[in-house]
Structures are given as structure tokens and as C-alpha cells.
There are 2 protein chains.
Amino acid sequence: MGVYNFSAGPSVFFPEVLEQIRDQLIDYRGSGCSLLETSHRSPHYDAVHTRALTLLRELYHVPNNYSILFCTGGATQQFAMLVDNFLSQGGTALYVTTGAWGKKALEDAQVRSNAYPHARIIEQYCSDQFVSLPPSHVFKTVTDVKKKQGGNDTVYAHITSNETIHGVQYQAYPSSPVPLIADCSSDLLSRPINFEHLAMIYGGAQKNIGPAGVTVVIIHNALLEKASEVLPPAYSYKSFAKKKSLYNTPPVFAIWCLQLTLEHIKKKGGLSYISDHNAHKARLVYTVIDAFPDMYRCPAVPECRSNMNIVFTLPDATRDAMFLEQARSKGFIGLRGHRSVGGIRASLYNAMSIEGATALAEFMKEFARTYG
Amino acid sequence: MGVYNFSAGPSVFFPEVLEQIRDQLIDYRGSGCSLLETSHRSPHYDAVHTRALTLLRELYHVPNNYSILFCTGGATQQFAMLVDNFLSQGGTALYVTTGAWGKKALEDAQVRSNAYPHARIIEQYCSDQFVSLPPSHVFKTVTDVKKKQGGNDTVYAHITSNETIHGVQYQAYPSSPVPLIADCSSDLLSRPINFEHLAMIYGGAQKNIGPAGVTVVIIHNALLEKASEVLPPAYSYKSFAKKKSLYNTPPVFAIWCLQLTLEHIKKKGGLSYISDHNAHKARLVYTVIDAFPDMYRCPAVPECRSNMNIVFTLPDATRDAMFLEQARSKGFIGLRGHRSVGGIRASLYNAMSIEGATALAEFMKEFARTYG
């Protein structure tokens, strides 16, 4: 049965990319080997690695004074590495939490800061509801706290660009008086970024640009310069940058899948196409939510609504369950909300088609009319 | 052209496993999705994850009081995590270095220990030649130093089971008076292990059991118990163990490839088969080396010779180059020695066939006869 995969991650691939992977799985470009079994020091892999870096820079319009790194361990490992790299000699970091992932970033930073007596982690803003305040307010708080709490030793402020569990997303990045770092795990390459506002972004590939197993870091060289020199290579941004992310064996196959996905995005028209495509899909679903307020409720305030993860609830748990069951029977999978919040979550990442979003919207209309 | 892939890693796959991956690449078991796009919280992936853990335990005869974890970042990340987990509250670790990887493990541990004022890293034994002393001597040194240098606060001793660059391997593990930790990156599941001698082993999958991107850790629960409680989850063995390596998104696809490789090893007869198979292949090549001493020289002393990586040199660089060129033209790839030592290296990991090792041995004979 054909399915529409709304999973929050790992998540839907472009079918054309899956076909390329399959077709070259056993014999990569006539090398006689699969990329699964190809040395990371070989010319074949080097071309893939270099091309993936080039495509990231090109599609995202990453300025030349930023470095692009391939790490592993997902955003979770970045939560720890940020503190190792930037606060081990002391200093303050401000964390703005607008959802569960921002909260985890904060908590992990606090734990890691125990190793460094002069490191200070400040929770700048946190809403218990996560969704009650628009990003503009959060940004104002960033500015205020810098003066009041952070002081002159503030190394960075941290935000979460898109919150998968709570379905909220910064529509635009705030300009910040201190270097701003964004966890973009769930909206990486889903829209253009103005890097002027950001000293660093990071994110796992497994939502918008590839499989689980590779984490992209894009960092301004002035911030990179401040990273600790006394870290083991596995934790050191400087080591990743200096060795072109080839100090040790990178996740060769995952980076190849990422490269193929980026080629496909480029062919489709790059990030301006992708951004419109994503906004269009989200609009299709939010329109139905707003048209049937007695059936669907979206906890995110409209100006924070995510284009990536559309989170909503039905009037009661019984109807949530009925919705999920009927959706499943029609081939819509991965719609169950995160176990911490329940309800429904439709993830509409880059590779979700307009057709898939339209089919979901139609199903939602029909469901609301039948059971409303 | 068909090739024989002697790459040191990422390295040759079993062809049957590659075919299974290709055949199920787009539609995994009728799910309508690829495992590249399947949620790590789905029943499909859960079955893969659980099965991979079960197979590791079964094939390796891992006792029930050991935990098996899936990390990322390769052995290099383990070098740092060992210190975070076991020395952050203070204590001593002894490092036995028998090659370049042991040296890296030591150096990274030293760097990481800077973060912990009461941690002490002792280089217990290091040969500049790396290959001049048999493991039995090294083991004696382990015991001696424990009394003289390590003292009662010694948490662990560290060895490198197989050194890929220098081509030396412990033929048997020493029994150690302190918990012994082995980096088994390059001989993981290549032979049975007696876990009584080992408190922990770790290794990347990309040599013997799968693709780059997943790191296997097998740890005695008594040692796990001693791991730090105050680490961010990305660095914490306790977190990996408690959450069955599913705290955050694991490298889903890499673990699937690992599972399929383990299924194949099981089908072929498990580790007793694999161990004989590997010894047989190595013998084929070492026999030629020993038969033509004027052409081939193996720096490893016979009792330390690796069954995984056969390192040898020809009388001069010109003949090294001629050998590599002719080998390449006959479809033998990945034979160039590591850039730090030069010469030739033939890696004969689990998935290298007898046919491949035989063909290489025949080529070496012919080459020696022609140019000797």
C-alpha cells in the first residue's frame, strides 16, 4: 500500500533520492563497491564529501566566513559540545526555551557546566505553556537579560528555531546583541536563512535533508576562533573545522544520502522553491484546522505556528484515537503526537509532497464533517 | 570490473547483505517506507534495534551482566567518553599503547583529563616501534604498573585489541588486576571473546559488522555502575543503558545494516566459523610473505601478527608503488599502507572472501617471482 509518511523524524525522503540510492547501492559509479564499503580517504568518497559541503554552502547562501562541519550524535550531542567549546574557560550563555527541545538544550548545558567552575548557564526565558509568547517578545527578553544578567562575559544566546513537539517556529530570527546560536534540527534547509543574525546553527539531517546519523554545524569563524583548544578531537569544533570533518571516519553513507537530497533540492529550485513549497503545504492543513474550530484546536498562537510540525488536538482523547485509526487505514502514518503532549502531529518536512498535504487536508475536512 | 576491496575501513560488505539492503531499500517489509525514513519510535525500527542487540549478545556470548549500547562518533568519541564517565570524580587510568590507535586513545584521554583535576592518565607501556614486544610482555607490565604506579584508585586499564596501522593484534586478552577496557574497533566480532577478561569493549561497526556511523559498546554492569551520574546524555553510558540507546535518534539505517550483517554471520555459522575463516585468509597471505623474504617484510613479530590487517613492505618505495599499481590493475583496491607508515596493508575483515585472499596471495607470489 502507498503511504504518506508524516513522521517527525527520521522522516520522509524524496522518492527520486531513494531510487538513486537503490540503483547505486551495490556499485557506486562503476567503482565496483558500495559507498557502504568505501574508504573515507578514497577519491570517490572525497568527491561526495566535498560536494555535500559545497551544496550546503550554495543552497543556504552561507557566507565565506562561516565553516560547515559534519558531526554525529544529533542535536543532543551539540547541547553538550556547545558548553565544552565555548564555556570551558568560563563565561555565560543565555538559553531561550520555547519548547521541549530548548528545555533539553538548557538542561544538558547546565549538567555539562558542572565540569567547568566558571561557566554560567542562564535560563533567559521559559514559558510553561511554551506557546503563549510570540518570538518577538522572546527576542526583547534576550536584549534585556543581556544587560541585566548576562554581563560582558556572555559568549552566546541559544534558541530553538523550530520546536517539533509543540509545533512553534521562529518566523524570523531576532537580531541579538550577543552571538546567537540556533538549533535548527527540525527546519534545517526548509527556508532561506539570513546568516547575519546567526553566529551558528546546527541540526540533525534526519528531518529535512537526509537520514539519521549526521549532524550539520554551520559556524561563524569569529565564534569558531573562541572555541576551546584543549578538547579531545571528538568534541572539538576546531578539530572538525581543521580536518574538514575527516579527523576520523565520518558517517560516509549518511553524508552521501544528504548529498543526493541536496542535489535534488537544488534541481527543484533551491530554498526559495522549498520555502514556498513548505508554506503552501502548511497552509493547506492550517486552513482546515481554522475552518473547523469545534473539531481541531492548534495550541500554537498563529504568529508562532510551525510550517514543519502541525500540532493539534481533537475535542477528546476518543476522537484523537478515532482520527489516528482512520488516518492509518487510509495510509497516513506517523501522525501520533509526541508521547509527552498527545494529540496529533503532522510533520510536513521538505520531502512531503503537496499531494500528501492535500490528501491529509481532505481527510481532515471529511472527518470533521462526519464527526463534528 | 569486479574488485576485491582490501580497504582498512569503511570496508568490504558481504555481497548477500548488500543485496538485501538494495532489495528492501525503498519498501521495508511492506511498510511502504524505507528504513532511511522510518521513525526510531516505530514498531518496524524497534524490531531491528532489539534484534541487533539480541544478535550481538548471542553471537558474542555476552554474559547477562553486561550491557550493550549503540553510540556514535566512532572509537575517537569513546576515547573522550571513557574519561568523562570513569575519571570525572578522580581516579587513575592506565594506557597500554601498542600502535597508533592506542597512542591516540592515550592522548585524547590526557586532553580530556584536563577538565577533571583529580583524574590521572598513566602511559603504562609504549614501544616506539610499537611492534617489538609481544602482548604477554605488555600484560606483565600492566600488572607491575598497577602496583607501582596506579595505586588503589586505578579505575581501568586500556588496550587496543588490534592495531590497523601497525598490523599487530592481541592473540589472547591478558587477565588484568583492574577492569580491562579494549578498543576492538578493528576486530569486533572477528573472533570469540572471553568476556571474563574484559570489563568493556568498544568499536565502530565499519570494519567487520556494518557501515560507518554506529559504535558498539559492551560494558560490565559493575563498571557501568561506576560511571558518572552528572554527564549530559550524549556522553553518558548510564543514559545510553537506561534508554536502550534510544534517548535520542540513533543512526537507524546504520543499525539496520549492522543487524543484517549479524544475521548473515549467524547463518554462516557464527563466530567459530568467522574466526576460522579469518585465520585461514590471513594464513594464505602470511605464507607468501614468509616464502619470499627478499621481497616482502612484515614488521610485526610473528606472535603479534594481525589476522585483520596484514602490513608489509617491499624492498624499496619503487617496488611498493609498482606492486600497488599492478594490484590496482587486477582489481585489488585499498591496499595502500596508512600514510603514516607507507608500504602495503591488506585488510581481511569478516566479509573478505577466501577467494579474495587467495587471489591476492597468488598475485603476490607471481609478483615476487617476476621482480625478485
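Below, chain A is the first sequence line, B the second, and so on; all start at residue 1. None of the values given here were measured: they were computed from a predicted structure.
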* Asked: Side chain, backbone, both or neither: which part of B:Y116 has an atom under 4.5 Å from a heavy atom of chain A?
  ->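 For B:Y116, the contact with chain A is made by the side chain alone.
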
* **Interface moiety of B:P250 toward chain A, non-hydrogen atoms closer than 4.5 Å** =>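 Just its backbone gets close to chain A.
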
* Asked: Atom OH of A:Y235 and atom CG of B:D108: how far apart are they, to the nearest 0.5 Å?
  ->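 Here the rounded value is 10.0 Å.
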
* Mind checking which of residues 239-249 of chain B sit less than 4.5 Å from chain A, heavy atom to heavy atom? -> B:Y247, B:N248, B:T249

* Structure fact -> Comparing A:P232, A:P251, A:A234 against chain B, the one with the most heavy-atom pairs below 4.5 Å turns out to be A:P232

* To do: Report the option among A:A8, A:G74, A:G9 that has the most heavy-atom pairs separated by less than 4.5 Å from atoms of chain B.
  =>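 Max contact count across the listed options: A:G9.
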
* Identify the residues of residues 33-42 of chain A whose heavy atoms come closer than 4.5 Å to a heavy atom of chain B, ordered by number, or report 'none'. =>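 A:C33, A:S34, A:L36, A:E37, A:T38, A:S39, A:H40, A:R41, listed by number.
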
* Using heavy atoms and a sub-4.5 Å threshold, report which of residues 208-217 of chain A line up against chain B, by residue number. => A:P211, A:A212, A:G213

* Asked: Can you check whether A:Q77 reaches B:T72 side chain to side chain, under 4.5 Å on heavy atoms?
  -> yes

* **A:F253 and B:I21, any side-chain heavy atoms less than 4.5 Å apart** =>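 Of all side-chain heavy-atom pairs linking A:F253 with B:I21, none is under 4.5 Å.
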
Under 4.5 Å from any heavy atom of chain B - which part of [X]:
X: A:A80; answer: both
X: A:R339; answer: side chain
X: A:C257; answer: side chain
X: A:P117; answer: neither
X: A:K104; answer: side chain
X: A:F79; answer: neither

* **Any pair counted as side chain to side chain donor-acceptor pair (under 3.5 Å), so long as it reaches residues 3-26 of chain A, sequence neighbours left out** => A:Y4-A:E355

* Closest approach of B:V3 and A:S31, non-hydrogen atoms and distance? ->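 Shortest heavy-atom separation between B:V3 and A:S31 comes out as CG1-O, 3.9 Å.
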
